[in-house]
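Some notes on the structure that comes next.
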Amino acid sequence: MVLVACAIALACLVSVIQSAPLTCEELLRPLAQPDLRRLEGRWALVAGGLSHLPFLERFRQRDSASVTFYRNTTDSTTSYTPSVRLNNECLYSTYNITLEGDSFTYDGTDKSNLTAGFVHTSCGDCLLMLMNMESGRRQHFYLFSRRRQLEQEEMEEYKAQVGCLNMPPPAVMDPTKELCPEENATARRASSSSAAA
Ligand SMILES: *[C@@H]1O[C@H](CO)[C@@H](O)[C@H](O)[C@H]1NC(C)=O
Ligand SMILES: *[C@@H]1O[C@H](CO)[C@@H](O)[C@H](O)[C@H]1NC(C)=O
Ligand SMILES: *[C@@H]1O[C@H](CO)[C@@H](O)[C@H](O)[C@H]1NC(C)=O
Ligand SMILES: *[C@@H]1O[C@H](CO)[C@@H](O)[C@H](O)[C@H]1NC(C)=O
């Protein structure tokens, strides 16, 4: 009896702690030292927040998207290929990125045009990527996961993060739409700054 009461009290305490609203600063905490090796493999795009409405509208037209990070990684450099399915076509591009502190730069691209970073998330198999374009005037905030669809609380956390960035509500991908096949050696090149994920 005592045990049960304790367990319940503890559960209440835990839920009180969990429901204390996080500040935007806490919600947008950058991932300090991302382990690039943990990134290897494929991640499905679950949702995207974009600061500019015309871009967001275009983004919504995608059927699906994913990113594949490669094994040819050092502590501070790696490569990845986003794939986008749009109108039954698959578009691929490959980027080499270099970690500098808690953000990374795109090789061959001016830092003032494009940098990105990972943001902390409580979702264990997710990857949250914040891209800053045009000296930070335009931002894209992508939620990737090893799963196609997340739990409601996980989506709530993401939506709160999008709100903190003052973006319009994010576009959520349809988890039933097929992903593009993973492309390996034959990555075609696309224009570098517009379609980085
Ligand atoms: C990435 O780096 C590799 C090795 O340095 C190079 O062969 C490749 O062309 C680079 N790819 C891009 C898209 O810059
Ligand atoms: C950065 O953006 C400016 C303005 O759009 C452009 O002129 C310049 O070529 C870009 N630099 C790189 C390295 O992409
Ligand atoms: C690319 O895919 C083909 C067929 O799926 C496979 O045989 C090949 O080893 C792959 N290449 C690389 C570099 O992963
Ligand atoms: C890593 O591997 C991918 C796929 O084979 C390739 O496109 C990319 O250029 C490689 N990056 C480096 C830095 O070698």
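Read the numbers this way: they start at 1 and go in the same order the structure lists the ligands and their atoms. From a predicted model like this one, the values you see are computed outputs, not experimental measurements. Position 1 is the first residue of the sequence; numbering continues from there.
Ring geometry for Y80 against Y106 counts as perpendicular: the plane angle is over 60°, on a 0 to 90° scale with 30° as the lower cut.
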Requested in this report: Might you work through the salt bridge (Lys or Arg N to Asp or Glu O under 4.0 Å) test for K177 and D63, ending with a clear yes or no?
Outcome: CA-CA 6 Å; K177 298 263 176 78; D63 293 318; 3.6 Å; yes
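Only the backbone of T94 comes within 4.0 Å of ligand 1, counting heavy atoms alone; no side-chain atom from C-beta on gets that close.
Between Y70 and ligand 4, no pair of N/O atoms sits closer than 3.5 Å. Residue N96 has at least one N or O atom closer than 3.5 Å to an N or O atom of ligand 1.
Between R29 and E26 no salt bridge is recorded (no basic side-chain N to carboxylate O distance below 4.0 Å).
Between R148 and A44 the shortest heavy-atom distance is CD-CB, 3.6 Å.
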